[in-house]
Amino acid sequence: MLKGKAALVTGSTSGIGLGIAEALAGAGANIVLNGLGDAGEIERLRRDLAARHGVEVVYQGADMSRPEAIAEMMRAAAERFGALDVVVNNAGIQHVAPIEEFPVAKWDAILAINLSAAFHTMRLALPGMKRKNWGRVVNIASAHALVASPFKAAYVAAKHGIAGLTKTVALEAAEAGITVNAICPGYVWTPLVEKQIPDTARSRGISEEQVKRDVLLAAQPTKKFVTVEEVAALTLFLCGDAAASLTGAILPLDGGWTAH
Ligand code: NAD
């Protein structure tokens with residue numbers, strides 16, 4: 001379905017991004033992997049992905065909090081593959097604390113990585129997509145793009161922001177064969193969720209087990225974590241021709257959380 005196309009997935013060395021890279025490579029796309037982590041482990045991932053799917057996979061380790069690093073990654077990707085066909089803005093971080101204790105540096109980092117990075121990849125990828133009259137942008141937002149939870153001021157602000165950004169760019173690109181959508185997963189069991197459990201327990205004064213049962217899964221009527229594979233499958237659908245008229249949508253994938 002995506003044979004010969006080139007896809008950038010930011011934050012694809014772990015969790016949801018890695019699952020999306022896997023799905024897009026499985027559909028034949030060449031992949032630009034991005035994200036932090038151990039160099040040896042990332043090289044193993046890169047080779048494995050390329051070998052299993054018979055596609056080209058390159059790694060660009062741009063720090064998504066730095067606009068100039070993003071610009072350099074986009075330039076290198078275009079040099080290798082020509083203009084990108086698919087951009088998945090997925091890199092993200094979380095920090096859990098009451099607003100009066102929220103570290104200013106964390107606020108800045110979350111806004112930069114979870115929101116501004118998508119502005120930069122889109123502003124740099126759109127001209128190439130417009131030349132081809134085809135493009136797909138998928139922003140991995142969150143149920144927190146639609147509803148709030150306490151102690152997540154920066155994350156909720158950034159995710160609500162990306163919903164607005166998604167709709168704006170969708171309108172600007174609509175006549176050029178480019179769709180721009182956001183997927184809003186509920187809780188997916190990945191390192192990002194696992195790491196916030198101790199802080200959530202501290203902020204709420206409850207045990208880690210109670211966080212899982214009474215905070216995370218309590219939000220989701222299905223009482224199940226969303227899976228990485230489910231997010232990857234929806235991303236793949238959005239990249240296909242069947243989704244050509246689906247644009248500017250903020251799509252919940254949250255086990256019914258935001259239906260409350
Ligand atoms: P994760 O921690 O497993 O993966 C995050 C990825 O982003 C990693 O590859 C990491 O290296 C990368 N990253 C972090 N900071 C970076 C930086 N400065 N520069 C480049 N890469 C950076 O987390 P995940 O759960 O897979 O989250 C992926 C996305 O999904 C995030 O945007 C997150 O907000 C969103 N999301 C996650 C959940 C969930 O429950 N896990 C729910 C809704 C939305």
Side-chain angles (χ1 to χ4, degrees), residues 8-23 31-39 41-42 45-46 49 59-74 87-96 105-106 108-118 120-121 138-149 152 154-163 165-166 182-197 200 211-212 215-217 219-220 222 224-232 234-235 250-255 257-258:
L8 163 69
V9 186
T10 71
S12 46
T13 52
S14 167
I16 293 170
L18 183 56
I20 291 172
E22 182 78 44
I31 303 289
V32 182
L33 277 182
N34 159 265
L36 312 176
D38 173 73
E41 174 64 13
I42 292 171
L45 278 178
R46 189 197 67 74
L49 201 58
Y59 171 66
Q60 286 288 332
D63 176 347
M64 297 304 290
S65 69
R66 295 180 49 232
E68 65 286 7
I70 297 172
E72 174 54 26
M73 172 178 72
M74 300 300 283
V87 172
V88 181
N89 289 302
N90 166 81
I93 59 168
Q94 173 64 288
H95 187 79
V96 180
K106 283 284 182 200
D108 288 343
I110 290 174
L111 269 284
I113 297 166
N114 296 19
L115 176 57
S116 300
H120 293 296
T121 59
V138 181
N139 294 324
I140 304 303
S142 166
H144 283 119
L146 298 163
V147 295
S149 294
K152 295 185 177 178
Y155 189 86
V156 171
K159 295 298 187 180
H160 275 65
I162 204 154
L165 179 62
T166 298
I183 297 178
C184 300
Y187 286 107
V188 187
W189 191 253
T190 67
L192 180 137
V193 165
E194 209 174 341
K195 278 188 283 193
Q196 70 186 268
I197 288 177
T200 304
V211 171
K212 256 200 231 173
V215 180
L216 304 186
L217 292 181
Q220 286 180 192
T222 51
K224 282 187 195 145
F225 285 99
V226 176
T227 67
V228 165
E229 290 72 20
E230 287 166 345
V231 183
L234 181 53
T235 305
I250 312 300
L251 300 162
L253 180 56
D254 62 6
W257 174 352
T258 55

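Remember, predicted model here, so these are calculated numbers, not experimental data. All ligand and atom numbering here is 1-based and tracks the order in the structure.
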Going by the angle between their ring planes, with limits at 30° and 60°, are Trp257 and His144 parallel, tilted or perpendicular?
perpendicular
Gap between atom CG of Asn114 and atom CG of Asn139 - 0.5 Å precision
11.5 Å
Distance under 4.0 Å, heavy atoms only, partner ligand 1: which residues pass?
Gly11, Ser12, Thr13, Ser14, Gly15, Ile16, Asn34, Gly35, Leu36, Ala62, Asp63, Met64, Asn90, Ala91, Gly92, Ile93, Ile113, Ile140, Ala141, Ser142, Tyr155, Lys159, Pro185, Gly186, Tyr187, Val188, Thr190, Pro191, Leu192, Val193
Rounded to the nearest 0.5 Å, what separation is found between the CG atom of Leu115 and the NE2 atom of His160?
12.5 Å
Suppose we screen for side chain to side chain donor-acceptor pair (under 3.5 Å). Which residues come up paired with Thr258, at least two apart in sequence or across chains?
Asp254
Given Val88, which partner from the list Ile183, Ile20, Asn34 fulfils the side chain to side chain contact (heavy atoms under 4.5 Å, CB included) test?
Ile20
Which value, rounded to the nearest 0.5 Å, describes the distance between Tyr59 atom OH and Leu45 atom CG?
10.0 Å
